[in-house]
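As a basis for the values below, the full set of heavy atoms in this structure was taken, side chains included, without hydrogen atoms, waters or symmetry mates. Residue numbers start at 1 and run along the sequence shown.
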Amino acid sequence: QVQLVESGGGLVQPGGSLRLSCAASGFRSEGYAIGWIRQAPGKEREGVSCHSVSDGLTYYGDSVKGRFTISRDYAKNTVYLQMNSLKPEDTAVYYCATDLRSYCTGVLGTGDFEYDYWGQGTQVTVSS
């Protein structure tokens with residue numbers, strides 16, 4: 001059974017950093033692309049980042065490019081999202097997800113994505 005569990009969210013001041021974790025179980029995640037998606041209050045879900053295994057590349061939406069970094073620890077079956085220089089507009093519930101493909105799909109920075117398996121989400125609040 002595919003399961004994804006996010007952790008690491010919290011309250012941080014503008015300009016601060018957080019590292020989110022996505023622990024996978026029930027499957028070996030190193031064979032599949034994993035994405036991070038967020039949903040801010042009153043807004044639709046937005047694809048933030050994705051790590052592809054077919055080409056080994058990482059992808060980011062324009063609003064987080066240069067500030068967020070996606071990475072994996074294959075031994076721990078865990079995917080991370082390092083978030084630096086956080087802004088109030090980054091406030092959202094952050095989810096990790098997969099559709100068990102080896103490549104990323106959809107258009108980051110938009111609601112154009114298709115994931116079959118989702119974690120429960122972790123709240124990130126950026127506020128002074």
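Comment: Lys87 does not engage Asp90 in a salt bridge, judged by the lack of any side-chain N to carboxylate O separation of less than 4.0 angstrom.
Ring orientation note: the planes of Trp118 and Tyr115 are nearly perpendicular, at an angle over 60° on the 30°/60° scale. Taking the six-membered ring where tryptophan is involved, the planes of His51 and Tyr74 are perpendicular, since the angle between them exceeds 60° and thus also 30°.
In this structure, a donor-acceptor pair under 3.5 Å is present between the side chains of Tyr59 and Asp55. With hydrogens and angles left out, the side-chain atoms of Asp73 and Thr78 include no donor and acceptor closer than 3.5 Å. Between the side chains of Ser49 and Arg38, not a single donor N or O lies within less than 3.5 Å of an accepting N or O. Residues Gln39 and Arg45 bring a donor and an acceptor atom of their side chains to less than 3.5 Å of each other. Using modelled atom types, one finds a donor on one side chain and an acceptor on the other under 3.5 Å when comparing Ser52 with Ser54.
Atom CZ in Arg19 sits 11.5 Å away from atom CG in Asn84 (nearest 0.5 Å). Atom CD of Glu44 and atom CD1 of Ile37 lie 12.5 Å apart (nearest 0.5 Å). Taking CG of Leu11 as the start and OG1 of Thr125 as the end, the distance is 6.0 Å to the nearest 0.5 Å.
Between Glu89 and Ser63, every side-chain heavy-atom pair lies at or beyond the 4.5 Å cut-off. A 4.5 Å side-chain heavy-atom check between Met83 and Val64 finds every atom pair outside the cut-off. Side-chain contact between Asp99 and Thr105 is present, with at least one heavy-atom pair separated by less than 4.5 Å. Residues Cys22 and Trp36 are in side-chain contact: their nearest non-hydrogen atoms beyond the backbone lie under 4.5 Å apart. Considering only heavy atoms from C-beta on, Val53 comes within 4.5 Å of Arg72 through its side chain. Side-chain contact check for Thr91 versus Val124: every heavy-atom pair is 4.5 Å or farther apart. Here the side chains of Val48 and Leu108 are not in contact, with every heavy-atom distance at 4.5 Å or above. Leu81 has its side chain within reach of Phe68: a pair of non-hydrogen atoms, C-beta onward, lies under 4.5 Å apart.
Closest non-hydrogen pair, Cys104 versus Ala33, comes out as N-CB, 4.0 Å.
Tyr80 and Ile34 fall into different hydrophobic clusters, where Ile, Leu, Val, Met, Phe, Trp and Tyr side chains are chained together by heavy-atom contacts under 4.5 Å. When hydrophobic clusters are built by joining Ile, Leu, Val, Met, Phe, Trp and Tyr residues whose side-chain heavy atoms come closer than 4.5 Å, directly or via intermediates, Tyr95 is not grouped with Leu4. A chain of hydrophobic side-chain contacts below 4.5 Å, direct or via other Ile, Leu, Val, Met, Phe, Trp or Tyr residues, connects Phe113 to Val93.
Put simply, the side chain of Asp116 never gets that close to the backbone of Leu100: no donor and acceptor are under 3.5 Å apart. Looking at Thr122, its side chain does come within 3.5 Å of a backbone N or O of Gly9 through a donor-acceptor pair. Between the Asn77 side chain and the Gly26 main chain, no donor and acceptor come within less than 3.5 Å of each other. A donor-acceptor pair under 3.5 Å is absent between the side-chain atoms of Ser128 and the main chain of Gln13, judged by distance alone. With hydrogens and angles ignored, the 3.5 Å screen pairs a side-chain donor or acceptor of Glu6 with a backbone N or O of Gln120.
Summarising the local packing, NZ of Lys76 is surrounded by 12 or fewer heavy atoms from other residues, nucleotides or ligands at distances under 6.0 Å.
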